[in-house]
Amino acid sequence: MTEGELLPAETRPLFHLTPKIGWMNDPNGFSQYNGVYHLFFQYYPYRKKWGPMHWGHATTKDFLKWEFMPCALAPDTVPDSGGCFSGSAETTDDGKHLLMYTGVVKISDLDEENFIQTQCVAIGDGVDYQKYEGNPVISYTDIPEGLSKYDFRDPKIWREQDGTYRCVVGACTADRDKKGRILYFKSSDGLKWEFISVLAENDGTLGAMWECPDFFELDGKYVLMVNPQDVLQNDQFNCGNVSVAMIGTFDPETGKFTKEHAQLVDYGIDFYATQTLLSSDGRRIMTAWMQNWDSTTYTFRSLRWFGQCIIPRELSVRDGMLIQTPVREIEQIRKNRVVYENVPVNGKLTLDGVSGRTIDMTVRIRPEFSGSYRKFELRVREDDEHYASLVYRPAENTLRFDRSNSGTRRATTHTKKCTLPDKDGELTLRIILDRYSCEVFINEGEKVMSNMIFASPKAEGISFINLTGSVFIDVEKYDLELD
Ligand code: FRU
């Protein structure tokens with residue numbers, strides 16, 4: 001049987017990375033090596049469930065078409081017998097691809113199962129990787145006292161101008177509060193590491209353990225990204241596992257980061273575990289898991305895969321805030337441009353040529369005059385019975401995504417809201433749809449909402465609804481097609 005017969009194309013996203021079969025969580029080792037981009041991922045090939053972690057591996061030239069490589073790491077040595085957890089990649093002086101990851105060893109404490117966590121490396125040529133015999137390269141005995149050996153993971157490695165290596169690793173206090181810490185290390189060869197400092201710490205207001213850190217310079221600022229667990233809902237952050245970008249300054253003398261501003265990286269339902277690379281053309285590009293730990297029951301049982309990555313995003317800092325736009329490569333796969341300008345929306349409107357499951361569509365919404373409408377709704381994935389919606393309320397400046405009417409029978413979170421700056425009823429939404437997802441870039445990337453949608457494949461409709469006054473829209477829509 002051919003692969004096509006086994007896995008019809010329709011059962012996988014068109015341009016978002018998923019494993020062909022099995023479970024995926026965090027993206028790992030996102031890097032440019034030997035002229036192509038590599039994206040590894042937390043992978044359990046044998047079931048659509050989290051299990052002893054492997055590293056799946058794919059490469060791409062454009063972030064849209066993915067070529068699958070052999071599985072790069074499996075839990076087959078003593079320090080990683082329980083799994084190869086998240087990590088990152090760099091290129092060595094002798095042109096090798098160095099993977100740095102967390103090896104875990106399972107132990108049982110009374111009634112609890114725990115993993116002892118240390119940092120390990122593997123070295124390869126872009127296809128095959130050999131684990132370093134000296135693993136682990138950073139042990140839990142190398143970190144400050146009072147931190148947990150069960151929560152010390154997800155090294156993000158990079159190289160400095162002088163060729164030396166740095167990495168940041170997530171950690172937390174060993175007490176019940178599990179307050180997150182980001183540890184900062186240096187090395188001359190990527191193998192012998194020395195602890196420098198606690199780069200940043202959780203004062204107790206941002207969840208517990210901080211996973212998957214990343215640290216880089218961008219537009220004259222330093223950005224520390226962390227993925228805290230167990231966050232309590234407040235005005236600024238959603239509850240659960242969230243991704244946070246902190247923007248601030250860094251003192252190389254003390255190895256301390258000082259936060260000036262913090263924001264959620266994504267306001268949608270399905271987003272976690274960010275990781276970035278610096279491309280050779282100077283772009284800071286981010287990927288993430290388009291999923292959240294608390295909504296893993298939301299899927300189609302018939303699919304062979306679980307988990308996908310977002311469309312990679314170009315990052316910048318504007319007025320001290322993080323701005324995100326889909327990688328520009330997406331423009332190469334746009335087809336069939338459809339444009340409408342100054343269209344009044346009174347009631348429910350559909351537009352010829354504006355529908356589909358794999359599209360890139362920008363909608364500009366404008367009031368006729370200040371306060372001329374109260375609610376604007378945009379539906380995607382619509383058929384006679386179902387849809388997912390985006391509802392904008394200009395007086396509140398809120399945008400709410402809601403997929404509860406998309407045909408789901410699961411009672412997980414299906415709606416998320418985000419607050420926007422007051423633009424007097426004006427709003428721009430760029431919506432990227434793939435077969436199983438909807439990513440919404442708001443006001444040229446000021447905020448983003450990423451969501452999975454498991455709706456009937458036949459639900460391809462898009463409509464615009466205003467029952468509350470006078471509003472106009474401009475629409476520019478492309479189909480996304482791979483050659
Ligand atoms: C984040 C995470 C990481 C860990 C990995 C294990 O989603 O919990 O901290 O390395 O997943 O699969």
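For ligands, and for the atoms within them, numbers begin at 1 and follow the listed sequence. Note that the structure is a prediction, hence the values are computed from the model and not measured.
The residue among Val104, Asp151, Asn28, Asp154 with a heavy atom at the shortest distance from atom 4 (C) of ligand 1 is Asp154. Across Asn292, Asn227, Asp26, heavy-atom proximity to atom 3 (C) of ligand 1 is greatest for Asp26.
Ring orientation note: the planes of His97 and Tyr33 are close to parallel, at an angle under 30° on the 30°/60° scale. In this pair, Tyr44 and Tyr46 present their aromatic rings perpendicular. The plane angle is above 60°, beyond the 30 to 60° band.
With a 4.0 Å cut-off on non-hydrogen atoms, Trp50 touches ligand 1 through its side chain and not its backbone. When heavy-atom distances to ligand 1 are checked against a 4.0 Å cut-off, Asn25 comes that close only through its side chain, counted from C-beta outward.
Aromatic rings of Trp23 and Phe306 (six-membered ring for Trp) have centroids within the 6.0 Å cut-off, being under it. Taking the centre of each ring, Tyr436 and Phe454 come in below the 6.0 Å mark.
Remark: ligand 1 atoms within the under-4.0 Å shell around heavy atoms of Tyr272 are 1 (C), 7 (O). The Gln42 neighbourhood of ligand 1 comprises atoms 5 (C), 6 (C), 12 (O), with distances under 4.0 Å to a heavy atom of that residue. Here is the list of ligand 1 atoms found below 4.0 Å of a heavy atom in Ser86: 5 (C), 10 (O). Residue-ligand proximity, Met53 to ligand 1, at heavy-atom distances under 4.0 Å covers atoms 12 (O).
By the 3.5 Å distance cut-off applied to N or O atoms, Trp289 is not counted among the residues near ligand 1. Where the criterion is an N or O separation shorter than 3.5 Å, residue side chain and backbone included, Glu211 meets it with respect to ligand 1.
Residue Leu482 qualifies as enclosed at atom CG: its count of foreign heavy atoms under 6.0 Å is above 12.
Proximity of Thr102 to ligand 1 is not established, as no heavy-atom distance is less than 4.0 Å.
Between the side chains of Asp294 and Thr412, no donor-acceptor pair of N or O atoms lies under 3.5 Å.
The one candidate from Lys131, Arg153, Lys106 that meets the salt bridge (Lys or Arg N to Asp or Glu O under 4.0 Å) condition with Asp80 is Lys131.
Residues Trp158 and Phe216 are not in side-chain contact: their nearest non-hydrogen atoms beyond the backbone lie 4.5 Å or more apart.
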